[in-house]
Enquirer: 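Have a look at this one.
One-based numbering along the sequence shown.
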Amino acid sequence: MMNIEVINNLHIKEAALIIDEQGIPKKFVWSQYYVIVNDKEYQFKYLIRIAYQLATNEEFDFQSNDSVRKYIGDLGFEIRYYEGGYNFF
């Protein structure tokens, strides 16, 4: 079980920059939830995965849930939901 509290505001912002530079692996493209960072949408699960790696130097896989989304929202980030998901391809 991951400890989401290791992620802070700066980890989220840095993860967004990494995604801007490296893109998103195909298996993470589809998402229903997105985090808004600097007026741009990022796939929730992939953004949090990168932020967690920045905070801990560990990889992980997790299920997105209300408590994780609430924590990220409480850090000051807007979370958007698209019913049925959204796929860029």
Enquirer: When you compare the side chain of Ile12 with that of Ile50, does any pair of heavy atoms fall below 4.5 Å?
Expert: no
Enquirer: Taking all atoms of both residues into account, what is the closest heavy-atom pair of Ala15 and Ala51, and its distance?
Expert: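 Nearest heavy atoms, Ala15 then Ala51: CB-N, 3.7 Å.
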Enquirer: How would you list all residue pairs meeting salt bridge (Lys or Arg N to Asp or Glu O under 4.0 Å) that involve residues 14-24, not counting sequence neighbours?
Expert: Asp20-Lys40
Enquirer: Measure the shortest side-chain to side-chain distance between Ser31 and Tyr82 over non-hydrogen atoms and say whether it is less than 4.5 angstrom.
Expert: no
Enquirer: What pairs with Glu58 under side chain to side chain contact (heavy atoms under 4.5 Å, CB included), at least two apart in sequence or on another chain?
Expert: Tyr52, Thr56
Enquirer: Got Ile19 and Val37 here, is their nearest side-chain heavy-atom distance under 4.5 Å?
Expert: no
Enquirer: How long is the gap from NZ on Lys27 to NZ on Lys45, to the nearest 0.5 Å?
Expert: 9.5 Å
Enquirer: Which atom pair, heavy atoms only, marks the closest approach of Leu10 to Asn8?
Expert: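 Shortest heavy-atom separation between Leu10 and Asn8 comes out as N-OD1, 2.9 Å.
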Enquirer: Quick one: ring pair (Phe, Tyr, Trp, His ring centres under 6.0 Å) partners of Phe44, sequence neighbours excluded?
Expert: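 Listed in chain order: nothing, the list is empty.
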Enquirer: How would you list, by chain and number, every residue that makes a salt bridge (Lys or Arg N to Asp or Glu O under 4.0 Å) with Asp66, sequence neighbours excluded?
Expert: Arg69
Enquirer: Without placing hydrogens or testing angles, list every side-chain donor-acceptor pair under 3.5 Å for residues 70-80, not counting sequence neighbours.
Expert:
from	atom 1	to	atom 2	distance (Å)
Lys70	NZ	Asp74	OD2	2.7
Tyr71	OH	Glu5	O	3.4
Tyr71	OH	Ile7	O	2.7
Glu78	OE2	Arg80	NE	3.0
Arg80	NH1	Glu41	OE2	2.9

Enquirer: Let me confirm one number: the CD1-NE2 distance from Ile48 to His11, rounded to the nearest 0.5 Å.
Expert: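 The NE2 atom of His11 is 11.5 Å from CD1 of Ile48, to the nearest 0.5 Å.
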Enquirer: Using the six-membered ring wherever Trp is involved, compare the ring planes of Tyr33 and Tyr81 and label them parallel, tilted or perpendicular (cut-offs 30° and 60°).
Expert: tilted
Enquirer: For a 4.5 angstrom cut-off between non-hydrogen side-chain atoms, does Tyr34 reach Tyr42?
Expert: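 Contact flag for Tyr34/Tyr42 side chains = no.
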Enquirer: Could you tell me which residues satisfy salt bridge (Lys or Arg N to Asp or Glu O under 4.0 Å) with Glu59, sequence neighbours excluded, listed by chain and number?
Expert: Arg49
